[in-house]
Amino acid sequence: MSERVKSNKLSPAPVAAAKAEAALPVLGPVGMLRWAWTQLTSMRTALFLLLLLAVAAVPGSLFPQRPANPSIVTQYIKDNPDYGKLLDTLQLYDVYSSAWFSAIYILLFISLIGCVVPRAIAHYKAMRSQPPRTPKRLSRLPEYGTMVVPADAGLPASDAIRSAAGLLRKRGYRVEVRDDDGARPSLGAERGFLKEVGNLVFHTSLIGVLVSVAAGGLFGYSGQRILVEGDTFVNTLVGYDQFTPGTNFQSSQLQPYSIQLDKFAVTFDRESRGKFGQPIDFTANVTTKENPDAPAKQEVLKVNDPVTLGGTSIYLTGNGYAPVVTVRDGAGNVAMQGPVVGKLQGENYYSSVVIKVPDAKPDQLGFAGFFLPTAFKTEEGVSFSGDPELINPQLTLNSFYGDLGLDDGAPQNVFELDVKDLTPLNARNLDAGGITLAPGMSYTLPDGKGTISFDGVKRYVGVDIHHNPGQLYALIFALLAVGGLIISLYVNRRRVWVRTGAHEDGRTMVEYGLLARGEDHRLAAEAAAIRKLLADEWQIPESGSGDDAESSAGIQQTPSRQDDNGADSVSTPAGPTGPKKDQ
């Protein structure tokens with residue numbers, strides 16, 4: 001054998017030839033699939049996919065998203081023609097429903113399942129298995145100690161091991177006694193299975209959060225609606241001002257509830273100087289019905305205090321003033337009548353107003369201007385709102401006539417009036433001047449185009465309506481994930497072994513050792529606590545110093561060390577220091 005080795009060292013040609021002839025085994029399709037599955041279900045891959053998902057979500061906050069506001073996306077593409085369409089091709093305006101974001105999401109979902117299921121099976125088997133066998137050399141464990149029970153205590157080795165087993169069981173350990181009738185009985189104990197349970201709960205909860213979020217995206221929906229005092233919203237598709245459905249939304253999901261805005265009140269700050277006139281409270285009194293046949297119910301809708309109806313949450317998100325106007329055309333017929341929602345533009349509820357009257361004859365009419373709750377004028381004649389309350393309301397408008405562009409079916413912004421194809425009737429730079437109305441006043445348009453009257457003012461609210469079937473489950477799984485993480489961080493997996501034996505002079509010799517699975521800074525304290533339990537149970541006094549420390553009836557915590565020959569050596573009360581043999 002030595003000659004052959006020597007020959008190989010002197011002549012490497014056979015080794016090189018063998019290496020050249022060696023060929024790696026071919027994995028084949030099944031082997032490649034197994035390798036790919038192993039890589040996908042590793043914890044490293046799951047963490048990488050989780051980080052990649054967070055990075056992939058960043059474009060959703062950098063670019064406007066089509067589900068939130070399609071018109072902004074259209075305008076963004078127009079404003080950036082060089083790269084706007086390229087971003088649309090890459091689905092950066094639909095990040096959360098894009099193919100690449102969904103791919104990362106699904107891969108993360110599969111990876112987490114592939115990580116959790118095998119770990120759960122292995123942990124189940126570990127919980128049903130017996131504690132590991134007692135090591136031959138307990139002195140090699142991180143925490144090791146010895147105890148001596150005096151001969152006059154009358155405690156044989158078998159009774160001592162059973163007594164130690166009872167104490168460890170009370171401390172939460174799972175215990176197995178071995179060779180309790182033999183000369184060297186021992187026990188193995190372990191605890192801390194809850195640590196792995198916490199890990200499994202944490203990872204399983206992450207899967208639950210992913211499923212809940214996916215369910216919300218698939219079957220949920222959201223929408224917005226503006227309600228003027230006295231208006232009623234019925235939960236149908238035509239009842240929404242803006243509606244964003246989930247991927248698998250069906251109109252049958254809409255519950256036929258209704259909500260009517262009875263009165264809306266705003267409380268303004270009238271005491272502090274710095275924030276005088278700022279709104280400090282909003283209260284909307286509403287009447288709700290779960291379905292057409294249900295009794296009406298009076299409820300209060302406030303900020304951060306939504307009303308829940310038909311599985312949806314209705315949030316109060318905005319408010320303002322809606323001037324009530326009546327427009328008559330040139331023939332004296334009422335072409336438009338009702339409240340017009342004002343869009344807030346500045347402080348003190350300074351609002352822009354747009355009125356479109358496509359039914360006016362012979363020409364369609366349009367109005368654009370401002371509503372001031374408390375009108376004041378500067379020295380230059382510029383009107384402004386001096387207070388948010390309705391103290392001196394005023395409606396200032398310019399009027400136009402012509403084709404409003406509503407008949408061709410193209411969508412328009414209700415808060416904007418495109419005047420490039422319209423002819424002005426009233427404006428400050430025209431002879432007719434602008435239109436300034438107070439409540440109860442009316443104005444006759446030039447050229448016999450009709451009249452407009454300011455009948456009064458109502459308040460309006462903007463509400464967001466959200467239906468997310470996975471929202472509650474996402475919260476529950478998130479809380480479970482936090483709980484599982486806390487358990488996995490603060491619970492430690494520990495193992496304890498105790499071995500007893502009888503000395504020739506009748507004393508009972510005890511040694512014990514502790515081992516932690518992973519890093520455990522509290523293992524030394526656990527060892528001290530177990531030593532104290534055993535000492536109190538067997539009424540063994542703590543050893544002192546000097547001559548008392550050498551007493552044969554005492555306790556000694558002795559770290560393992562090695563003698564000059566490399567063998568484990570330990571100093572115990574059983575006898576002189578020397579090499580410790582395998583036991």
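Applying the ring-ring contact (aromatic ring centres under 6.0 Å, His included) test to every pair with at least one member in residues 32-65, sequence neighbours left out, gives no pairs at all. Residue pairs meeting the side chain to side chain donor-acceptor pair (under 3.5 Å) criterion with at least one member in residues 72-84, sequence neighbours excluded: Q75-D79, N80-Y83. Sorted by first then second residue, the side chain to side chain donor-acceptor pair (under 3.5 Å) pairs that include residues 241-259, not counting sequence neighbours, are Y257-T312.
A donor-acceptor pair under 3.5 Å links the side-chain atoms of T204 to the main chain of L200, judged by distance alone. T45 places no side-chain N or O within donor-acceptor distance of the main-chain N or O of T41, the cut-off being under 3.5 Å.
Applying the side chain to side chain contact (heavy atoms under 4.5 Å, CB included) criterion to P142, with sequence neighbours excluded, gives L515, L523. Listed by chain and number, the residues in a ring-ring contact (aromatic ring centres under 6.0 Å, His included) with Y349 are F268, Y321 (sequence neighbours excluded). With sequence neighbours left out, the side chain to side chain contact (heavy atoms under 4.5 Å, CB included) criterion links L489 to L485. For R119, the side-chain hydrogen bond (donor to acceptor under 3.5 Å, both in side chains) test picks out E196, with sequence neighbours left out. In this structure, the side chain to side chain contact (heavy atoms under 4.5 Å, CB included) partners of I106, at least two apart in sequence or on a different chain, are I110. S212 pairs by the side chain to side chain contact (heavy atoms under 4.5 Å, CB included) definition with Y473, A474, F477, not counting sequence neighbours. Judged as a side-chain hydrogen bond (donor to acceptor under 3.5 Å, both in side chains), and not counting sequence neighbours, R225 has no contacts. Qualifying ring-ring contact (aromatic ring centres under 6.0 Å, His included) partners for F370, counting only residues two or more places apart in sequence or in other chains: Y350. Considering only residues two or more places apart in sequence or on other chains, Y460 meets the ring-ring contact (aromatic ring centres under 6.0 Å, His included) condition with none of them.
The existence of a salt bridge linking K343 and E416 is excluded, since no basic side-chain nitrogen approaches an acidic carboxylate oxygen closer than 4.0 Å.
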- [ ] Applying side chain to side chain donor-acceptor pair (under 3.5 Å), run through Q298 and T287 and close with a yes or a no.
- [x] CA-CA 5 Å; Q298 303 295 323; T287 300; 3.2 Å; yes
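Considering R191, K195, R494, R493 in turn, R494 is the only one that fulfils the salt bridge (charged side-chain N to carboxylate O under 4.0 Å, His left out) rule with D520.
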